[in-house]
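In what follows, a single structure is set out as structure tokens and then discussed.
In the text below, chain A, chain B and the rest are named by the order of the sequence lines, each starting its count at 1. Note that these values count all heavy atoms, side chains included, but never hydrogens, waters or copies made by symmetry.
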2 protein chains.
Amino acid sequence: MISQTEENYLKALYSLTYLKGDANVNEISKRLDIKMPTVNSMMKKLADKGFVHYESYKPLRLTEEGKKEAALIIRKHRLTEMYLFQKMGFAWDEVHQIAEQVEHIHSPEFFSKMDELLGYPTVDPHGSPIPDQNGVMPLENYVFLNTCKAGDMVTLMAVQPSSKELLQYLTAKNLELGTTLTIKSIEPFDESLTVAYKDRPIEVLSSKVTSTLLVRVITGLA
Amino acid sequence: MISQTEENYLKALYSLTYLKGDANVNEISKRLDIKMPTVNSMMKKLADKGFVHYESYKPLRLTEEGKKEAALIIRKHRLTEMYLFQKMGFAWDEVHQIAEQVEHIHSPEFFSKMDELLGYPTVDPHGSPIPDQNGVMPLENYVFLNTCKAGDMVTLMAVQPSSKELLQYLTAKNLELGTTLTIKSIEPFDESLTVAYKDRPIEVLSSKVTSTLLVRVITGLA
DNA sequence: TTATTTTGTTAGTTTAATCTAACTTGTTAG
DNA sequence: CTAACAAGTTAGATTAAACTAACAAAATAA
């Protein structure tokens, strides 16, 4: 059996390694606000259990088994978020805290019932993909907004990572999932973007914001 | 903060003391399948925290604070059962296991949303009363079926305690909450009851069964 | 009422998950 | 290229929640 604590480490490692393939002890330590020696010994334990590739002083990677476990926890998290949002009427910035707890419930029936009632969704309320029952992430080809070029038209697909503060900021800016933005210009000095969307012809987004927004590119000038 | 483990002890003590006022270490030990010394030290800890009246070799009682805490956990459990049953389509013998886990979630909003969506129910799918937000059990004046007299007409209100096996037995007998039964006779030797209900003119219920069925008496001969 | 059994308690051990302090390895800036 | 800093590791302590073994008190039966 896998403990809630272990599940949290797996989840952290999954999201830290998702884009670049590996992560280090220090990153997990910061992410979970747990001291490095604690993380270190947990990584050894998870390696013993076959979930993590661990070698002294080398970056950490999940095994295939570990990836699957982690994806299944993330599946439970995102299904829960979607359920809270769609079926219970919570706002999209309220669902995360609750889902953090619900994701640890052991009951395949509970989550497959949610899945069924939701009509088998493929994304959560933040646009993040929901892994399938086998822990496989659905295909996606999103890019971060800060990697786009001036003139690109893009649709906001996901927010990653999505802090409560950020979600409230986006709500205040009237920026929601599915919103289509046109990139007017990019300020070379601080990489801030001037964009237009909906009824807002000029909005400036800092790189702190654009580096968390995942978008699908609709048209580019090139 | 109160741990999940502590919550489980409080809940056990609450239900053991509900009818007779106190309980002993051995009963909790059996109920939770945890050895007596462990229970003993947990009772001291809960006494330190102000939830339990503890004196060596004396029966255990909950403080008012402890009763409130326990009732609020039971509230979360029963709201969850009702939600699973009414809003998610689970059968009444499937909801307990899931609710055992969901009851430990810390999120007042989550449970008050359930409450709202359910229309502020006062009983769970087994007919057990749901305490209010202040931990107060709603009034109830049910009696166990084995305390009734021949000739009584009674309505099945609750099943306590309600094991999965028992619920399946009742389902097979076509006995559900709200069913009205007429007590035809009582066998003095083993205290089994012969009853009639719905389309079943003669059914015999053992005292093992009748001692767990809570009913409201509609009419008696006396 | 004494002997036996049941129940309760104390003491000390174990495991999981955390920590701090101290040391080692790896990286980076002069 | 070496000194300093950052990151990783080891060792040992702490806390919560469980256990077993042994002893003490209370209840029960002979």
Side-chain angles (χ1 to χ4, degrees), chain A residues 1-17 20-62 66 69-70 73 100-101 103-106, chain B residues 1-17 20-62 66 69-70 73 100-101 103-106:
Chain A
M1 187 51 69
I2 178 164
S3 72
Q4 281 197 203
T5 306
E6 289 167 336
E7 289 190 341
N8 285 331
Y9 282 93
L10 284 179
K11 204 160 51 101
L13 189 49
Y14 187 93
S15 63
L16 285 169
T17 55
K20 55 191 177 110
D22 57 31
N24 51 44
V25 174
N26 195 32
E27 287 173 306
I28 301 178
S29 172
K30 282 172 184 155
R31 167 73 66 103
L32 298 179
D33 194 24
I34 286 172
K35 295 290 180 292
M36 284 212 293
T38 307
V39 174
N40 190 269
S41 49
M42 181 57 84
M43 289 305 114
K44 287 178 174 178
K45 189 206 275 197
L46 291 175
D48 279 350
K49 293 197 174 188
F51 296 129
V52 169
H53 290 295
Y54 175 85
E55 286 179 273
S56 274
Y57 299 106
K58 297 238 179 101
L60 300 159
R61 287 175 301 119
L62 284 167
E69 271 312 316
I73 301 159
E100 279 291 302
Q101 301 179 67
E103 73 189 4
H104 298 296
I105 286 175
H106 293 296
Chain B
M1 187 51 70
I2 178 164
S3 72
Q4 280 197 202
T5 305
E6 290 168 334
E7 290 191 340
N8 285 330
Y9 282 92
L10 284 180
K11 204 160 50 102
L13 190 49
Y14 187 94
S15 62
L16 285 169
T17 56
K20 53 189 178 111
D22 57 31
N24 52 44
V25 175
N26 195 33
E27 288 173 306
I28 301 177
S29 172
K30 282 170 184 156
R31 167 73 65 100
L32 298 179
D33 195 23
I34 285 171
K35 293 292 180 294
M36 284 212 292
T38 308
V39 174
N40 191 269
S41 50
M42 180 57 86
M43 288 305 113
K44 287 179 174 176
K45 190 206 272 195
L46 291 175
D48 280 350
K49 292 196 173 187
F51 295 128
V52 169
H53 291 295
Y54 175 86
E55 285 180 273
S56 274
Y57 298 106
K58 297 238 179 100
L60 300 159
R61 285 175 302 120
L62 283 167
E69 268 318 311
I73 301 159
E100 279 291 302
Q101 301 178 66
E103 73 190 3
H104 298 295
I105 286 174
H106 293 296

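- As rounded to whole Å, 14 Å separates atom P of dA16(C) from atom CD1 of Ile2(A).
- Atom CG of Asn24(A) is separated from atom P of dG8(D) by 4 Å (rounded to the nearest Å).
- Legend: residues meeting side-chain contact (heavy atoms from CB on, under 4.5 Å) with His106(A), ordered by chain and number and at least two apart, are Met1(A), Glu7(A), Lys76(A), Gln101(B).
- In this structure, dT14(C) forms a base pair with dA17(D), meeting either the Watson-Crick or the G-U wobble geometry with both donor-acceptor distances under 3.5 Å.
- Here the CZ atom belonging to Arg31(B) is positioned 12.5 Å from the CG atom belonging to Asn26(B), to the nearest 0.5 angstrom.
- When side chains are defined from C-beta on, Asp22(A) does not count as touching Glu27(A), because their heavy atoms never get closer than 4.5 Å.
- Leu46(B) places none of its side-chain heavy atoms less than 4.5 Å from the side chain of Leu13(B).
- By the ring pair (Phe, Tyr, Trp, His ring centres under 6.0 Å) test, Tyr54(B) is found to be paired with no residue, residues two or more places apart in sequence or in another chain being considered.
- The nearest whole Å value for the distance from the CD1 atom in Ile28(B) to the C1' atom in dT9(C) is 15 Å.
- Look at CD on Glu6(A): it is 10 Å from P on dT18(C), rounded to the nearest Å.
- In this entry the distance linking CG of Asp48(A) with C1' of dT15(C) reads 15 Å, nearest Å.
- Side-chain atoms of Met42(A) and Thr5(A), non-hydrogen and from C-beta on, do get closer than 4.5 Å to each other.
- Taking atom NZ of residue Lys44(B) and atom P of nucleotide dA16(D), one finds them 15 Å apart after rounding to whole Å.
- Contact check for Leu60(B) versus Leu16(B): no side-chain heavy atoms found under the 4.5 Å cut-off.
- For the segment residues 50-61 of chain A, the set of residues with a heavy atom within less than 4.0 Å of an atom of DNA chain C comprises Tyr57(A), in numerical order.
- When the side-chain contact (heavy atoms from CB on, under 4.5 Å) test is applied to Ser41(A), no partner is found at least two apart in sequence or on another chain.
- Gln4(A) has its CD atom 13 Å from the C1' atom of dA16(C), to the nearest Å.
- The stretch residues 32-43 of chain B touches DNA chain D through Ile34(B), Lys35(B), Pro37(B), Thr38(B), Met42(B), each having a heavy atom under 4.0 angstrom from the strand.
- Not counting sequence neighbours, the partners of Lys49(A) by the side-chain hydrogen bond (donor to acceptor under 3.5 Å, both in side chains) test are Glu6(A).
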